[in-house]
Amino acid sequence: MQVNNVSMNLSAVSSKQYPGEGFPEIALLGRSNVGKSSLINTLINRKSFARTSSTPGKTQTLNFYNIEDQLYLVDVPGYGFAKVSKKQREEFGTMIEEYLTTRDVLRGVVILVDGRHAPSEDDISMYQFVSYYNIPTLVVATKMDKVKGNQWNKTVSQVKKTIGLNQTDSLQLFSSETKYGKDEVWEWIENHMA
């Protein structure tokens, strides 16, 4: 997709605040610091439109990025951070669950995992959750510039096996540094916008 116009329309914590235009939405899920903001910035060709943070758990709302008045990329709070209280984690959980299970314009989710390590328990749980609700999923292994080229096949099999990737979902390797995988991620998103 040619991206010229992007706006960060709103942040929401409940369904009353979701945007009402009816554009298709693709949600980005992943642990804190896995690179959601970097993926968004790479996709929209902006350096720091989506704020990257050195403090995990900074995103505490659903952030809706309007792309060309055709699509919303929805940045969902990262899971698996230690610095947040149990009560806050439960509130995030409720907010994320409400969004994922009730939003009828949600067309798919992108789950980001760190390509340098096997997916975590949280990653596995999130994948099982969206699979249960039959939400089309693209798993993106990030930070691949930090993985030696001869290890990439190992990353692919490790992620697929650990997360239990089913036949209908896809896996893409990605690096925000080199832009590797950017076109393939866009292609997946565009194929799921209808």
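- Ser11 and Asn63 share a side-chain donor-acceptor pair at under 3.5 Å.
- Residues Thr168 and Asn166 have side chains that bring a donor and an acceptor to within less than 3.5 angstrom of each other.
- Between Phe23 and Tyr72, the ring-plane angle classifies as tilted under the 30° and 60° cut-offs.
- In this structure, Trp152 and Val147 approach most closely via the heavy-atom pair NE1-O, 3.0 Å.
- A distance of 9.5 Å separates CG in Leu165 from CD1 in Ile111, rounded to the nearest 0.5 Å.
- Donor-acceptor pairing under 3.5 Å is lacking for the side chains of Ser125 and Asp123.
- Of the listed residues (Leu173, Val140, Val139), just one forms a side chain to side chain contact (heavy atoms under 4.5 Å, CB included) with Val159, and that residue is Val139.
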Between Asp169 and Tyr127, does a side-chain contact (heavy atoms from CB on, under 4.5 Å) hold up when you go through it step by step? CA-CA 10 Å; Asp169 293 330; Tyr127 181 68; 2.7 Å; yes

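- Within the model, atoms CD of Glu25 and CG of Leu106 stand 7.0 Å from one another, a figure rounded to the nearest 0.5 Å.
- Heavy atoms only, all atoms of each residue included: Ile189 and Ile26 are closest at CG2-CG1, 3.9 Å.
- Few gaps surround CG on Asn150; more than 12 heavy atoms of other groups in view lie less than 6.0 Å from it.
- Without hydrogens or angle criteria, Arg116 side chain to Asp114 main chain gives no donor-acceptor distance under 3.5 Å.
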Applying side-chain contact (heavy atoms from CB on, under 4.5 Å) to Val109 and Leu100, what does each step give before you reach the verdict? CA-CA 9 Å; Val109 298; Leu100 292 175; 3.9 Å; yes

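- Side-chain N/O atoms of Glu98 and Ser15 include a donor and acceptor closer than 3.5 Å.
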List the steps, then state whether side-chain contact (heavy atoms from CB on, under 4.5 Å) holds for Tyr99 with Val74. CA-CA 10 Å; Tyr99 173 74; Val74 185; 3.4 Å; yes

side-chain contact (heavy atoms from CB on, under 4.5 Å) evaluation trace for Val76 with Leu28: CA-CA 6 Å; Val76 174; Leu28 303 176; 5.9 Å; no

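- Residues Leu10 and Ala12 come closest through the heavy atom pair CD1-CB, 4.1 Å.
- Counting non-hydrogen atoms of other residues, nucleotides and ligands closer than 6.0 Å to NZ of Lys179 gives a total above 12.
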